[in-house]
2 protein chains.
Amino acid sequence: MSTAKKLELSPIQNNALRVSHLLRQLSHPQRLLILCLLSGGEASVHEILERTELSQSHLSQEINKLKAEGFISSRKEGRLIYYKLHDQRIKKLIQSLQKIFC
Amino acid sequence: MSTAKKLELSPIQNNALRVSHLLRQLSHPQRLLILCLLSGGEASVHEILERTELSQSHLSQEINKLKAEGFISSRKEGRLIYYKLHDQRIKKLIQSLQKIFC
DNA sequence: TTAATTTATTATAAATTTATAATATATCAA
DNA sequence: TTGATATATTATAAATTTATAATAAATTAA
């Protein structure tokens, strides 16, 4: 049903939907910050925790969202978990944002 | 008070806040579409209405938000109101998005 | 084994955003 | 002046997002 509805959309509407959905993830300050940090390379959850202003639990949830979207991927090493950017388009976007706004 | 809090933030936190806030505006499909349309040049509310999937009232409200953020500006001509992109950074961002995702 | 550390999960309260309906205002044409 | 058209405003219901607290699970060190 929602699939059918999506298929009815014009290509432009569809693009707007796709891209806006993805931008929603970047529209939260701490999530954006996480992606910026990771654009500089891999980091453990603990390292990210120190550089964002989130509680442990909250950070974990936000990381989950980014992972669910396929933006980041993880690697386990002992009891640490390292995350890194997984989507090249997101990497490009972060770079564009830095170029334009920072 | 909230000002004081903002001043306490590190420059990086501050950037994340600024930019995420602005991305929030682009993270709504029809708002993003409006900006994309306007990146192709001026358009009247009525023209925008025909190319988005919003009610008249809803469109007006969304346009208001974009205007309040300084993303777009208006010009009145008779009973029509024309809007156009007002922020060069937003224009650049829309172009980047199109390049990366479309 | 026990305790400490690192990360995830679940439930939920609080805040914000989105959408709808009703109404208002301004401009023009007849 | 009246009616039609274009746009804005206000109130508010509904949906979504964000944040907090409590708890769980996995790993390592002692």
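Note: hydrogens, waters and symmetry copies are ignored here, and every other heavy atom, side chains too, is used. Lettering of chains follows the sequences in order, A, B, ..., and the numbering in each one begins at 1.
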Write down the distance between [atom1] ([X]) and [atom2] ([N]), rounded to a whole number of angstrom.
{"X": "Leu80(A)", "N": "dA25(D)", "atom1": "CG", "atom2": "C1'", "value": "16 Å"}
{"X": "His46(A)", "N": "dT6(C)", "atom1": "NE2", "atom2": "P", "value": "5 Å"}
{"X": "Leu54(A)", "N": "dA8(C)", "atom1": "CG", "atom2": "P", "value": "13 Å"}

Take Leu93(B) and Leu22(B), measure what side chain to side chain contact (heavy atoms under 4.5 Å, CB included) needs, and give me the verdict at the end.
-> CA-CA 11 Å; Leu93(B) 178 50; Leu22(B) 164 165; 4.3 Å; yes
Would [X] and [Y] show up in the same hydrophobic cluster when neighbours are defined by side-chain heavy atoms closer than 4.5 Å?
{"X": "Ile100(B)", "Y": "Leu23(B)", "answer": "yes"}
{"X": "Ile63(B)", "Y": "Leu80(B)", "answer": "no"}
{"X": "Ile94(A)", "Y": "Phe101(B)", "answer": "yes"}
{"X": "Ile81(A)", "Y": "Leu38(A)", "answer": "yes"}

Name the nucleic acid region contacted by Tyr82(B), choosing base, sugar-phosphate or nothing; use a 4.0 angstrom heavy-atom cut-off, strictly under.
->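 No contact.
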Using a cut-off of less than 4.0 Å, is there contact between a side-chain N or O of Arg79(B) and OP1 or OP2 of dA8(D)?
-> no
Taking only the side-chain nitrogens and oxygens of Tyr83(A), find out if one of them lies under 4.0 Å from OP1 or OP2 of dA8(C).
->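 True: Tyr83(A) side-chain N/O within range (under 4.0 Å) of dA8(C) OP1/OP2.
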In residues 56-78 of chain A, what residues come within less than 4.0 Å of DNA chain C, judged by heavy atoms?
-> Gln56(A), Ser57(A), Ser60(A), Gln61(A), Asn64(A)
Heavy atom of residues 26-36 of chain A under 4.0 Å from DNA chain C: which residues?
-> none
Give the intermediate values and the outcome of side chain to side chain contact (heavy atoms under 4.5 Å, CB included) for residues Asn15(B) and Leu33(A).
-> CA-CA 9 Å; Asn15(B) 281 339; Leu33(A) 189 51; over 6 Å; no
His58(A)/Gln30(A) under side chain to side chain donor-acceptor pair (under 3.5 Å): CA gap, chis, key distance, verdict = CA-CA 10 Å; His58(A) 193 183; Gln30(A) 304 304 311; over 6 Å; no
Could you please spell out the steps behind the side chain to side chain donor-acceptor pair (under 3.5 Å) verdict for Ser74(B) and Lys67(B)?
-> CA-CA 8 Å; Ser74(B) 64; Lys67(B) 197 175 180 186; 3.0 Å; yes
Between dT7(D), dT17(C), dT27(D), spot the one nearest the side chain of Ile81(B), thanks.
->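 Closest nucleotide to the Ile81(B) side chain: dT7(D).
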